[in-house]
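Below: the structure, in structure tokens.
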Amino acid sequence: MSLQNDLSLKVIAAVKELYQVELPTVEFQPTRKDFEGDITVVVFPMLRYVKGNPVQIGSQIGDYLQEHVDEVAKCNVVQGFLNIVIEDSYYLNFFNGIKQETNYGYVKTLLDGAVMVEYSSPNTNKPLHLGHIRNNLLGYSVAEILKASGKKVYKTQIINDRGIHICKSMLAWQKFGEGETPESTGLKGDHLVGKYYVAFDKAYKEQIAALVASGIDKDQAEKKAPILLEAQEMLRKWEAGDAEVVSLWKKMNAWVYAGFDTTYKNLGVDFDKLYYESDTYLLGRDVVKEGLEKGVFFKKEDGSVWIDLTDEGLDEKIVLRSDGTAVYMTQDIGTAIQRVTDFPDINGMVYTVGNEQDYHFKVLFLILKKLGYTWAEQLYHLSYGMVDLPSGKMKSREGTVVDADDLITNMEETAETISAELGKLEGYSEEEKQQLYRTIGLGALKYYILKVDPKKRILFNPEESVDFQGNTGPFIQYTYARIQSILRKANFDVSTALDMTFSLHEKEKELLKGIQQFPETIQLAAENYSPALIANYTYDLVKEFNSFYQQVSILGEPDETKKQFRVQLSQKVGEVIQSAFRLLGIDVPERM
RNA sequence: GGUCGCGUAGCUCAGCUGGAUAGAGCAUCUGCCUUCUAAGCAGACGGUCGAAGGUUCGAAUCCUUCCGCGAUCACCA
């Protein structure tokens, strides 16, 4: 039973005894720093049930608590706030209870169904950029948070490996590629293919310009440019299973996958199951036909199938073209159902997709509900804001993108420069150093992106490099490294049981309160699908630790029991930092 | 135009289901390395919480209207 629940019952009992009234709930908040106390009862809401002056009511409840609750040491009342000081022994007991616990704060997997988390889902015609990085980090982190909160999780992505955009890079490679391969050029496969996607666009624009110059109007030119017609023809051949086109498609996609694998590995993200759009794009049509019979959908005169969502405040939405082919929505309906077929224990899904698709997912979820799938109640669109540059939106065709691989390299180099200046790594091999620069560089990047609420858009200025001081990944990693340094120097068994009867330093108490909040923070982050809550929690804990570190001597403490306690406390803080950062996909270093 | 999201310090962001004088970091300025890692700590400076109404004992938080920014409203994906 948590302290708050316990106190809540006692307060209710106090009010019952003092005023003969049954309170439904009691409101608590952490005591503000400028007042004495650990937890505060807000008296105002009680005034509805108890007539009287809040200060007087507060003091009377306070007296009662002091008398009847062991953990309550002292009370004071300021205005309508009853501040309660909790006994040190309570916090020490709490610490004793959890200090040996591994993976403190994580809930062991329960058997109440699984959640599938989809993220990444790139196109296979160009390399990943900063926007994809946000997607990958968010999706991966939310998956880890859900796991830690007690859910079984499948990580997945649907790879958009077909369509006209893929044909564009294929065609350009065929025309201008002269047989180039990743091996012959030394380029990463995704970058090589991306190069031809850009080449296509260049040729296309030139043809349009030529056509316009010859007197054709712009709209027509855009539709009639020969290279575009060729790409469309290539798509038709692909859909017809033309051996040559399919073989080229396979070859170039394999290059891209190899490139993506490297980027994913660098980012530290992974997947349990991959779906390919080339396998799923035909799904969903049977479901639409069923839905038509059930009356969920209706058919227009031209044969196209729609759903009417005007009752829900939305519009009509097409689910099947007049020629009977699938649209994006049809596929997504089919894919969702396919997933539940593949993994029957799924009872919820999270789609990590940018907020420009808010409407699409709102409609998709509504359709699945109307089709009567019970799991449709448990679908969540993890919608996130775009990552913009000072120059505006990123456009891969115009070259105004921050490439994912370049960015990662940049961050590592920055970490290297700063580390070299500080020069604390004597004794490290070159390999260890490189590994460390990677840990720090990625830590900076990941934290920078994940600490922001997913809903908000991020303005990323490549000119101003990501910070390494203050509320940053490296700051937190640094604190972890400091703790490890202490543990290396503390040459005694830190698991020793201690006689916990001494009084706590104010900073020690604050740290224990912080540690105590970790489990509930994980639950909150899971409920809100928000890695930012984990990031901000970790930052607060780390700030508190650094303050403690500066004010209180750990290894220099003469009292042996207190010294051991402080080492153990530091160790636990280190463990929490590590666990929290694992949820963000960030590593922590032993030294830095 | 309809719908959705966002608007908090010069900049980047916190602020839980309404609660005490709105909090951090960066930047600027002060102090602190003969003692456990100064990527740190302590402090100063900096805010009509986009605007106006409303609900309430009490509003950055809830409601309404307006303003600004973004997204979306395709037989594209």
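All values reported here derive from a predicted model rather than from experimental measurement. Convention: sequence-line order gives letters A, B, ...; per-chain numbering from 1.
Close to B/A77, at under 4.0 Å from its OP1 or OP2, lies no side-chain N or O of A/Y328. Residue A/R162 places none of its side-chain N or O atoms closer than 4.0 Å to OP1 or OP2 of B/C76. Put simply, A/R482 has a side-chain N or O that comes within less than 4.0 Å of OP1 or OP2 on B/A38. Of the side-chain N and O atoms in A/K456, none sit less than 4.0 angstrom from OP1 or OP2 of B/G70.
In this structure, A/I522 CD1 and A/E527 CD are separated by 12.0 Å, a value rounded to the nearest 0.5 Å. Between the CG atom in A/L274 and the CD1 atom in A/I158 there is a gap of 10.5 Å [rounded to 0.5 Å]. Here the CG-CG distance, from A/L137 to A/L584, works out to 9.5 Å after rounding to the nearest 0.5 Å.
If you check B/U17 for Watson-Crick or wobble pairing at under 3.5 angstrom, you find it has no partner at all. The partner of B/G10 is B/C26, judged by Watson-Crick or G-U wobble contacts that both fall below 3.5 Å. With a cut-off of 3.5 Å on both pairing distances, B/U56 has no Watson-Crick or G-U wobble partner at all. With both pairing distances under 3.5 Å, B/U61 is matched to nothing as a Watson-Crick or G-U wobble pair. In this structure, B/U3 and B/A71 make a Watson-Crick or G-U wobble pair, each of the two defining distances being under 3.5 angstrom. B/C41 is paired with B/G31 under the criterion used here, namely a Watson-Crick or G-U wobble arrangement in which both key atom distances are under 3.5 Å.
Residue contacts shown for A/K455 are limited to sugar-phosphate atoms, with no base heavy atom under 4.0 Å away. A/L47 comes within 4.0 angstrom of nothing in the nucleic acid, heavy atoms only. Residue contacts shown for A/V466 are absent, as no nucleic acid heavy atom lies under 4.0 Å away. In this structure, A/I418 reaches the bases: a heavy-atom distance under 4.0 Å links it to at least one base atom across the strands shown. No engagement by A/E421 is indicated, since no non-hydrogen atom pair under 4.0 Å with the nucleic acid exists. Residue A/M386 is classed as having no contact, given no heavy-atom separation below 4.0 Å to the nucleic acid. Residue-level contact check: A/F475 touches the backbone only, with heavy atoms under 4.0 Å from sugar-phosphate atoms and none from bases.
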Q. Is there a salt bridge (charged side-chain N to carboxylate O under 4.0 Å, His left out) between A/K300 and A/E316 once you walk through the steps?
A. CA-CA 12 Å; A/K300 291 199 176 174; A/E316 292 181 348; 3.3 Å; yes
(Q) Pair A/E230, A/K168 - check salt bridge (charged side-chain N to carboxylate O under 4.0 Å, His left out), show working. (A) CA-CA 9 Å; A/E230 277 185 82; A/K168 286 177 181 175; over 6 Å; no
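To the nearest whole angstrom, the two P atoms, one in B/G15 and one in B/U61, are 15 Å apart. One C1' atom belongs to B/C49, the other to B/G31, and the distance between them is 32 Å to the nearest Å. Look at the C1' atom in both B/C57 and B/G18: the space between them is 12 Å, to the nearest Å. Between B/U8 and B/A51, the distance separating the two C1' atoms is 14 Å to the nearest Å. With both ends at atom C1', the span from B/G50 to B/C6 equals 11 Å, rounded to whole Å. Straight-line distance between the C1' atoms of B/C45 and B/G2: roughly 46 Å, to the nearest whole Å. Rounded to the nearest Å, the gap between the P atom of B/U30 and that of B/G68 is 43 Å. Comparing B/C26 with B/A42, their P atoms sit 12 Å apart, to the nearest whole Å.
With B/U37, B/A39, B/A77 as the choices, the nucleotide that has an atom nearest any side-chain atom of A/I486 turns out to be B/U37. Considering only the side chain of A/Q550, B/C41 comes nearest among B/U37, B/C13, B/C41. For A/K489, counting side-chain heavy atoms from C-beta on, the closest listed nucleotide (B/A39, B/C36, B/A14) is B/C36. The A/R591 side chain lies nearest to B/U37 when the options are B/A39, B/G15, B/U37.
For the pair A/R134 and A/Y384, the cation does not sit on the ring face, since its NZ or CZ is not both under 6.0 Å from the ring centre and inside 45° of the axis. Under a cutoff of 6.0 Å and an axis angle of 45°, A/K317 and A/W306 do not form a cation-pi pair.
The shortest distance between side-chain heavy atoms of A/Y49 and A/Y19 does not fall below 4.5 Å. Contact check for A/S278 versus A/W238: side-chain heavy atoms found under the 4.5 Å cut-off.
Between the P atom of B/A14 and the CG atom of A/L541 lies a distance of 19 Å, rounded to the nearest Å.
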Q) Can you give one letter per nucleotide of nucleotides 17-26 of chain B, going 5' to 3': B for a protein heavy atom under 4.0 Å from the base, S for sugar-phosphate only, - for none? A) --BBB-SSSS
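For B/A42, its base never sits under 3.5 Å from the side chain of A/S547 at any donor and acceptor pair.
Inspection of the A/N546 and A/R482 side chains reveals an N or O donor paired with an N or O acceptor under 3.5 Å.
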